[in-house]
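Just below is one structure, and these are the notes that go with it.
Below, chain A is the first sequence line, B the second, and so on; all start at residue 1.
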Protein chains: 2
Amino acid sequence: MASYHHGDLRRVLLGTAADAIAESGPAALSLRELARRAGVSHAAPAHHFGDKAGLLTAFATQGFDLLADALRQAGDDLLDTGVAYVGFAVRHRAHFDVMFRPELYRAGDPELAAARARSGELLRGGVARHTGREPDADALAAWSIVHGFATLWLSGALPPRVGDDPEAAARTVIRRLFD
Amino acid sequence: MASYHHGDLRRVLLGTAADAIAESGPAALSLRELARRAGVSHAAPAHHFGDKAGLLTAFATQGFDLLADALRQAGDDLLDTGVAYVGFAVRHRAHFDVMFRPELYRAGDPELAAARARSGELLRGGVARHTGREPDADALAAWSIVHGFATLWLSGALPPRVGDDPEAAARTVIRRLFD
DNA sequence: CGCGCAATCTTGTCATCGACAAGATGACAG
DNA sequence: CTGTCATCTTGTCGATGACAAGATTGCGCG
């Protein structure tokens, strides 16, 4: 074993990174630990991603793509879009944790910027369809409330009384925005 | 020089940590770098804080106290309270960055829990006074929207069109919640 | 078929870091 | 003046990220 040409290392490393980050956060991520889990040498990850920031750049890009998928699947309804945003954050906690921490990766990377723009467009589109108004302020308010709820939920800062179903709680909260 | 008994090391280290974290984020924080900036030996910080998590626990505690001060100064108006929350995040970026990342510190620390409870009470109080309703859902929505806006602002994710005055933009956004 | 080339992965190394242990210094009490 | 204790230093260890150099393998091209 330890055969050269693993063949799928890049994809495996990204998957392993998701597990590791979900367990202990992006700060505790270690390239060598990833290599160990994947059964390759300690320097193998560097070949595919250059360095740690490179790996996290690829990881964040994957995250923005996954978010775009989730928002597309949610359909046209703004409430559903918001719930889907929170659902994405909970289900892909590791990606979400990295995506909005640009000091961890290369925010100027073209692929990443493209993926981020795609998901941002989906978010703004949903808001525009719902309100009919100039979407700027409404989109910002909607984005803020779902992003804030997701962040607070993931950080464990919310009191237990909120319950254990983040998407149901998010639905209630988002509704306050359109009372 | 290198006189023993610096006398004020603990406070100086917390201040230096604020600078360092504001520059490169909590992940890049190095105890040895703090020691260098403070002009003490590489092991001096450990004496006061035990380890890195200990330092960040103290730092987060200080943050929750600063947040409570800021909310108190904002007075009774809910809109002002929300704007103050965002203002705190922008003005004390380093503290805010750490406070809601419990994997970096000892979330169970008694002093920290007390400080967090104090600031949380101020937040909930402001909402209850404003709406008169059962504060749970309203408080959660208000907290989410200001926390989300602050987080997005700090992460640089917001489009330039939002402007360069976070508190003014926050005021506009929060108003959407009570239209 | 086989030769060379390039992508993939390994081994080795260095500076830095967090944590720990042991010792030096000096403030302060009695 | 002396002992005690908090404060700080020096020394060390294992782990990490980054880099350099080399080994292995798949693949195209003659």
Side-chain angles (χ1 to χ4, degrees), chain A residues 1-21 23-60 94 98 101-107 109 111, chain B residues 1-21 23-60 94 98 101-107 109 111:
Chain A
M1 92 141 299
S3 72
Y4 271 68
H5 283 188
H6 179 290
D8 217 14
L9 228 203
R10 186 186 163 94
R11 212 166 47 85
V12 167
L13 285 174
L14 285 176
T16 307
D19 296 341
I21 295 174
E23 286 168 22
S24 339
L29 184 67
S30 145
L31 291 183
R32 288 170 111 107
E33 170 67 19
L34 290 192
R36 246 167 288 155
R37 294 202 200 187
V40 293
S41 84
H42 67 83
H47 173 72
H48 290 278
F49 301 104
D51 56 7
K52 199 172 183 174
L55 184 146
L56 290 175
T57 302
F59 191 71
V98 173
R101 213 156 298 166
E103 77 274 11
L104 295 179
Y105 56 82
R106 281 184 270 278
D109 181 90
E111 277 191 60
Chain B
M1 73 146 299
S3 73
Y4 272 66
H5 283 189
H6 180 289
D8 217 14
L9 227 205
R10 186 186 164 94
R11 210 165 50 83
V12 168
L13 285 174
L14 285 175
T16 308
D19 296 342
I21 295 174
E23 285 168 22
S24 338
L29 183 67
S30 145
L31 292 183
R32 288 169 111 107
E33 170 66 19
L34 291 191
R36 248 166 315 200
R37 294 202 201 189
V40 293
S41 84
H42 66 85
H47 172 72
H48 289 279
F49 301 104
D51 56 8
K52 199 172 182 173
L55 184 147
L56 290 175
T57 302
F59 191 70
V98 173
R101 213 155 297 167
E103 77 274 11
L104 295 179
Y105 56 81
R106 281 184 270 278
D109 180 271
E111 277 191 59

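No side-chain heavy atom of B/His47 sits under 4.5 Å from any side-chain heavy atom of B/Leu9.
Other residues, nucleotides and ligands contribute only 12 or fewer heavy atoms inside 6.0 Å of the CD atom of B/Glu111.
Put simply, NZ on B/Lys52 is 17 Å from C1' on C/dC20, counting in whole angstrom units. Rounded to an integer number of Å, the gap from NE2 of B/His47 to C1' of D/dT7 is 5 Å. Rounded to an integer number of Å, the gap from A/Asp8 CG to C/dT8 C1' is 13 Å. B/Arg32 has its CZ atom 16 Å from the P atom of D/dA15, to the nearest Å. Whole-Å rounding puts the B/Asp51 CG to C/dA21 C1' distance at 16 Å. What separates CD of B/Glu33 from P of C/dT16 is a distance of 11 Å, to the nearest Å. One interatomic measurement links the two molecules: CG of A/Leu29 to C1' of D/dT16, which rounds to 11 Å at whole-angstrom precision. Put simply, CG on B/Leu13 is 12 Å from C1' on D/dC8, counting in whole angstrom units.
Within the structure, a side-chain polar atom (N or O) of B/His48 is placed less than 4.0 Å from OP1 or OP2 of D/dC8. At D/dT16, one or more side-chain N or O atoms of A/Ser30 fall inside 4.0 Å of OP1 or OP2 (strictly under the cut-off). Between B/Arg36 and the phosphate of C/dC17, there is a side-chain N or O to OP1/OP2 separation shorter than 4.0 Å.
Closest approach of B/Tyr105 and B/Leu56 over heavy atoms only: CB-C, 3.8 Å.
Nearest nucleotide to the side chain of A/Ala44, out of C/dC9, C/dC20, D/dC8: C/dC9.
Under a 3.5 Å cut-off, the side chain of B/Thr57 and the backbone N or O of B/Arg106 do form a donor-acceptor pair.
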